[in-house]
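We name chains A, B, ... by the order of the sequence lines, and we start the count at 1 in each one. Values in this document were obtained by computation on a predicted structure and should not be read as measured data.
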2 protein chains.
Amino acid sequence: MSHPLRIHLEKISPFSDAEFDYILSHFTTKKLKKHQFLVQEGNAVPNDHFVLKGLLKATHTSQDGKEHILQFAMEDWWISDYQAHFNQAAATINIDCLEETEVLCLSLHNREKLCSELHKIEHCFRVKTSNGYVALQRRIISLLDSSAKERYEQFLLQYPTLTQRLPKTMIAAYLGVSRETLSRLHGA
Amino acid sequence: MSHPLRIHLEKISPFSDAEFDYILSHFTTKKLKKHQFLVQEGNAVPNDHFVLKGLLKATHTSQDGKEHILQFAMEDWWISDYQAHFNQAAATINIDCLEETEVLCLSLHNREKLCSELHKIEHCFRVKTSNGYVALQRRIISLLDSSAKERYEQFLLQYPTLTQRLPKTMIAAYLGVSRETLSRLHGA
DNA sequence: AATTTGGTGTGATCTATATCACACTAGGCG
DNA sequence: CGCCTAGTGTGATATAGATCACACCAAATT
C-alpha cells in the first residue's frame, strides 16, 4: 500500500520510488491533539501542511470578534495560511484541530528546492493550485448569488463526508450564516 | 521596450530573447470591440487570455437572472472561465468587453506544451496561480466578514485604477451589493 | 452523581440590505 | 436637433437573515 502523499501526487504525475523517497525527505511530521493550533494569528507560518489524519479548520476573526471559517481540511487536503506563508508574513488566521490530527509539513524553502530540482513536482503543484483556484471561484460565485439555504444545500452535496464530521455551527461559520438561521432552514 | 507579456513573466523569472520568442509563438492575438464577448455561456473555452489593452468583466448569472461579477481584467491581467477551460467543459460564465480590447490567447494544449518543454514557464504559472489563490481567499474572507461599506472601501483602496474605469453599478455587482445600496453608503 | 462543555432548536425582535419606483443627467448617435 | 442608452441618486417599503434569549440534551470531566 502506497503512502497517502504518493497516491495524492500520482493523481497528477507518476514518480519512481527513489523520487518519492526524495520528495518525502523534505517533509516533517507533526501530531496534534484536538483543540491544538497548527497556525496561530500573529506568528510566522513556515510550512504548508498535508493532512494524513484528522480534521482542521482555518478561521478568520473579524473586527467585531466573530469567527468565520475560510477552509476545512481532512485527510488528503492541504491547509495553511497561504498569504502569510508565501509572503513570509505574520499569520492573520488561526488553524486548529477539530480531531486528533497528523500532518506532513513542507517549508517554503523545501518546496522551492523540490520544485527547482524536480520539474514533475512543480507540475503537480501547479495543477493542484489551479484546481484550488477554480474551487475558490466557485465558492465566490456561490457567496455572490445564492441564498443561505442554497449555499447549505450545495455544501451538503459537495462535501458529504465533511458534513458527517462537522457540527452545524461550523458549517454555518463556513457559509457565512448565523447558526440560528442555518438551524431554521429545514423545510423552507 | 519589452513586450508586456515578457515584462509580466519576468517579474518571476528571466527569459532569453529566443525563449521569449518561442513562448510568444504559442499565443494568438484577438481584438474585440466594446460589448463583444470573449467567452460566452454554453460554449467551449479553448483559451486563457492575457490582456494587452482594454477592460473586461466575467459575469455569472444566477437562477433569478441577476448578474454578478466574478472578475475584472485590464492590462496585464489574465482572464478566462477557468473551470470550463481546465476541464474542457462548456462555459458557465460570460466574459465581455467594457472597452475596446486586445488579448493574447493561450490554448490549453499550448500551455501544457510550453510547461513541459520549459520548466521556467511552468514555474511562472505556478507562482502566478498561487498568488491568485491567495487573492481569492482574501476576497472570500471579505465577503464573509465585512459589511457592504467595508467591502466597498477595501475595493477602492485595492483597485484605485480599476475604480476610475468602472461604473459603480459594476463595482456593486462585483461586491455582491445592490447598486442602490452602494450609492447610499457615502458618509455612513 | 453532579457539573461543565459543546451542540442544537426555536420564539421574539431588530437591522442591513434588497426591491420597487421615480427623477435627473450626460453622452452617443440617428 | 432630439432621442436613446447608461449611469446615478434617493425615497418608501419589504425581507432575509442577524441577534438576543431561553430551553434542552448528550457526552465529557470532576
Quiz item: Is the cationic atom of A:Arg6 (NZ for Lys, CZ for Arg) positioned less than 6.0 Å from the six-membered ring centroid of A:Phe15 and within 45 degrees of its normal?
Solution: no

Exercise. Measure from NZ or CZ of A:Arg139 to the centre of the six-membered ring of A:Tyr174 and say whether it is under 6.0 Å with the direction within 45° of the ring axis.
Key: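 Pair A:Arg139/A:Tyr174 counts as cation-pi.
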
Exercise. Using only side-chain N and O atoms of B:Lys66, determine if any of them is under 4.0 Å from OP1 or OP2 of C:dT19.
Key: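 For C:dT19, OP1 or OP2 has a side-chain N or O of B:Lys66 closer than 4.0 Å.
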
Quiz item: Does D:dG17 have OP1 or OP2 sitting under 4.0 Å from an N or O in the side chain of A:Thr181?
Solution: no

Just the rounded figure in Å: distance from [atom2] of [N] to [atom1] of [X].
X: A:Tyr152; N: D:dA16; atom1: OH; atom2: C1'; value: 18 Å
X: A:Leu182; N: D:dA18; atom1: CG; atom2: P; value: 10 Å
X: B:Glu180; N: C:dC24; atom1: CD; atom2: C1'; value: 15 Å
X: B:Arg184; N: C:dA21; atom1: CZ; atom2: P; value: 15 Å
X: A:Glu150; N: D:dG17; atom1: CD; atom2: C1'; value: 14 Å
X: B:Asp64; N: D:dT15; atom1: CG; atom2: P; value: 15 Å
X: A:Lys57; N: C:dG6; atom1: NZ; atom2: P; value: 11 Å
X: B:Lys149; N: C:dT17; atom1: NZ; atom2: P; value: 11 Å

Exercise. Could you verify whether a donor N or O on one side chain and an acceptor N or O on the other, from A:Gln154 and A:Ser142, lie under 3.5 Å apart?
Key: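 On atom types as modelled, these side chains qualify, holding a pair under 3.5 Å.
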
Quiz prompt | A:Gln63/B:Glu150 under side-chain contact (heavy atoms from CB on, under 4.5 Å): CA gap, chis, key distance, verdict | solution = CA-CA 11 Å; A:Gln63 281 123 350; B:Glu150 287 162 340; 3.6 Å; yes

Quiz item: Does a side-chain heavy-atom distance below 4.5 Å link A:Ile121 with A:Leu118?
Solution: yes

Self-check item: Positions of residues 165-179 of chain A (non-hydrogen atom under 4.0 Å from DNA chain D), listed by number
Solution: A:Gly176, A:Val177, A:Ser178, A:Arg179

Self-check item: Derivation of the side-chain contact (heavy atoms from CB on, under 4.5 Å) call for B:Asp76 and B:Phe50
Solution: CA-CA 6 Å; B:Asp76 254 45; B:Phe50 177 77; 3.8 Å; yes

Practice problem: Check if the side chain of B:Arg151 and the base of C:dT17 share a donor-acceptor pair of N or O atoms closer than 3.5 Å. | Solution: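 Such a pair does not exist between side chain and base.
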
